[in-house]
Protein chains: 2
Amino acid sequence: MPKQTFFNLAENKREKLLKAFLMEFSTKSFEDASISAVVKKLGIAKGSIYQYFEDKMDLFFYLKQHCEQVKQSYAKHIKREDYEDFWQFLRALYQEGIKYDMERPLESNFLFALVNQQHSPTMRQFYIEWQQKALDMFTQMIAYEVKIGHFRQDLPPKSMAYVLVTLTTKIGDYMTVTMDVDIQKKLFSGEPILAHNSGKTLLQAVDEHIMILKRAFSKP
Amino acid sequence: MPKQTFFNLAENKREKLLKAFLMEFSTKSFEDASISAVVKKLGIAKGSIYQYFEDKMDLFFYLKQHCEQVKQSYAKHIKREDYEDFWQFLRALYQEGIKYDMERPLESNFLFALVNQQHSPTMRQFYIEWQQKALDMFTQMIAYEVKIGHFRQDLPPKSMAYVLVTLTTKIGDYMTVTMDVDIQKKLFSGEPILAHNSGKTLLQAVDEHIMILKRAFSKP
DNA sequence: AAATATGATGACTGGGCGGTCATTCTTACT
DNA sequence: AGTAAGAATGACCGCCCAGTCATCATATTT
């Protein structure tokens, strides 16, 4: 947990701080991210950071939690029962993701990078936890679709959920490969990734994924 | 390129060296991998390494090339025309992968880890190159399946190839998630990953993937 | 105006790293 | 046995890092 001092800070100072560190952690691995480099760029003393946070991990963890929480608040009002099938629901979830990305690109990019960070045991642990949560959620949803007879019954919901989550996670790569979006550049410049071209690129990618998965999952 | 000195080394010494570094690079990122730590474990002087290689990258690159080359030699005699459909062919490719994994677990694990290394621009570059090669190969193959009327025609082969390659790349994760294989542990202990349970686990994963992709890709 | 509390500072510590190189040791050939 | 070439060594360099802390600056309360 950050120290009280951090929360006493003037809001614009706090935001500048967070932005700078979001950038650093979006473009480097946790180990390579350098507090020294960031404070230099910000023009403040390194000691200050340690008035706000216990250590590097405390800072990182705060960023992670904060971003996840905000993102969650975007997604949580999207409900399956408001859509006539799973795929429209899924599409709507993505659309919220785009909104989050447009409004808070740095945070969105940070989370995006986090999911692709896997080396160093600590980061891998974060990834595994995140994946597990996503898997549980989608496994449950898919089991429901199976139950109501929309999805095939000859495969474990968990396996289907895995395929879905994996492709979802890697959708940035998909955009890079099939649609020439330079994600690495966007991470470094702080531009929105998912919202590239007002989100149209992502939605096209999503629609192609749905075209594939629909056939793969639905009842024959 | 390694220096001549390296190739003059007694074979068992060279192999011990390679094994130790394969281990290090399988369990750490390139940046975090420590030459100092490995030489300490090997009980040799750090200077020696620099008699063999130009620098850290030279060493890494040699390992990468060497492993890729050997692995290629396993796969290259598997030909599409010897199988009656794409999926049997794909399965056979995996079976060669298992063989390689059983015979050279450290090398196999190194390549496995390499593909999951993405932060640090250099490693990302390697990954992108690798992915590009795999994509090109499968795009071509899929285009062929489309042409002979086995696969659907309403999706770009490149998109289908992407889905295939992504799931293929992440099959280790699939095993972890749906079959309780602790891959991280295996990396650290140097046990074969893909050949876990004589490869049966992997083949089951492959078969489940095929069950999904067959429907997704084939003509309606 | 004085006293107190809070925030800001940056020199410093200890540690790890990749990489160097003058020196010593080993081997093999004359 | 003597010599020359190749291999092995490890102290050392320069660099960068996370984290510390005594000191100073500023704001708030009395």
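Below, chains carry the letters A, B, ... as their sequence lines are ordered, and counting in each starts from 1. All values below come from the heavy atoms of this structure, side chains included, with hydrogens, waters and symmetry mates left out.
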Peer 1: Tell me whether the side-chain N/O atoms of B:Lys13 come closer than 4.0 Å to OP1 or OP2 in D:dA8.
Peer 2: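 For D:dA8, OP1 or OP2 has a side-chain N or O of B:Lys13 closer than 4.0 Å.
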Peer 1: The side chain of B:Asn8 lies closest to which of these nucleotides: D:dG6, C:dG10, D:dG10?
Peer 2: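 Between D:dG6, C:dG10, D:dG10, the one nearest the side chain of B:Asn8 would be D:dG6.
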Peer 1: Nearest whole Å is fine: how far is D:dT20 P from A:Ile49 CD1?
Peer 2: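 After rounding, the reported distance stands at 14 Å.
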Peer 1: Identify whether any heavy atom of A:Thr5 sits under 4.0 Å from a base atom; if not, whether one sits that close to sugar-phosphate; answer base, sugar-phosphate or nothing.
Peer 2: sugar-phosphate
Peer 1: Between B:Leu9 and A:Ala33, name the one whose nearest nucleotide on DNA chain D is closer to the 5' end.
Peer 2: B:Leu9
Peer 1: Over all strands shown, is B:Tyr52 touching base, sugar-phosphate only, or nothing at heavy-atom distances under 4.0 angstrom?
Peer 2: sugar-phosphate
Peer 1: Kindly say whether the aromatic ring centers of B:Phe110 and B:Phe60 come within a distance under 6.0 Å.
Peer 2: yes
Peer 1: Can a donor-acceptor pair be found, under 3.5 Å and without considering hydrogens, that links the side chain of B:Asp101 to the backbone of B:Leu194?
Peer 2: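 Yes.
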Peer 1: Checking contacts here: which listed nucleotide (D:dT9, D:dG19, C:dG19) is nearest the side-chain heavy atoms of B:Ile35?
Peer 2: C:dG19
Peer 1: Given D:dG10, is OP1 or OP2 found less than 4.0 Å from the side-chain N or O atoms of B:Lys46?
Peer 2: no
Peer 1: Would you check if the side chain of A:Lys3 reaches a backbone N or O of A:Tyr50 as a donor-acceptor pair within less than 3.5 Å?
Peer 2: yes
Peer 1: What is the nucleic acid contact for B:Ser34, judged by heavy atoms within less than 4.0 Å: base, sugar-phosphate only, or nothing?
Peer 2: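 Contact class for B:Ser34: sugar-phosphate only.
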Peer 1: Can you measure A:Glu31 atom CD to C:dC17 atom C1' for me and round it to whole angstrom units?
Peer 2: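 Computing the A:Glu31:CD to C:dC17:C1' distance gives 14 Å.
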Peer 1: Regarding A:Lys79 and the six-membered ring of A:Phe89, is the cationic atom NZ or CZ under 6.0 Å from the ring centre and inside 45° of its axis?
Peer 2: no
Peer 1: Could you tell me how far apart B:Asp55 (CG) and C:dC21 (C1') are, to the nearest whole angstrom?
Peer 2: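 Result: 17 Å.
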Peer 1: Could you tell me how far apart B:Glu54 (CD) and C:dC21 (P) are, to the nearest whole angstrom?
Peer 2: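 In whole Å, C:dC21 P lies 13 Å from B:Glu54 CD.
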Peer 1: Contact class for B:Ile44 (heavy atom, under 4.0 Å): base, sugar-phosphate, or nothing?
Peer 2: sugar-phosphate
Peer 1: Whole angstrom is fine here: how far is it from CD in A:Gln4 over to P in C:dG7?
Peer 2: 8 Å
Peer 1: Measure from CE on B:Met57 to C1' on C:dG19 and round the result to the nearest Å.
Peer 2: 15 Å
Peer 1: Given atom CG of A:Leu59 and atom C1' of D:dC17, what is their separation to the nearest angstrom?
Peer 2: 15 Å
Peer 1: Return the nearest nucleotide to the side chain of B:Ser48; candidates are D:dG6, D:dA8, C:dT9.
Peer 2: D:dA8
Peer 1: Under a 3.5 Å distance rule, please check whether B:Lys46 uses its side chain to pair with a backbone N or O of B:Ala37 as donor and acceptor.
Peer 2: no
Peer 1: How about A:Tyr62 and A:Phe6: are their ring centroids closer than 6.0 Å?
Peer 2: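 When the ring centroids of A:Tyr62 and A:Phe6 are compared, they turn out to be within the sub-6.0 Å range.
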Peer 1: For B:Lys40, answer base if it contacts any base atom (sugar-phosphate contacts may also be present), sugar-phosphate if it contacts only those atoms, and nothing otherwise; contact means non-hydrogen atoms under 4.0 Å.
Peer 2: nothing
Peer 1: According to a strict under-4.0 Å criterion, is A:Tyr50 in side-chain N/O contact with OP1 or OP2 of D:dT20?
Peer 2: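 Answer is no, no contact under 4.0 Å.
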Peer 1: Report the distance from atom CZ of A:Phe7 to atom C1' of C:dT6, rounded to the nearest whole Å.
Peer 2: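 That distance rounds to 17 Å.
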Peer 1: Do A:Gln51 and C:dA8 have a side chain to base donor-acceptor pair shorter than 3.5 Å?
Peer 2: yes
Peer 1: Taking any heavy-atom pair under 4.0 Å as a contact, classify A:Ala10: base, sugar-phosphate, or nothing.
Peer 2: nothing
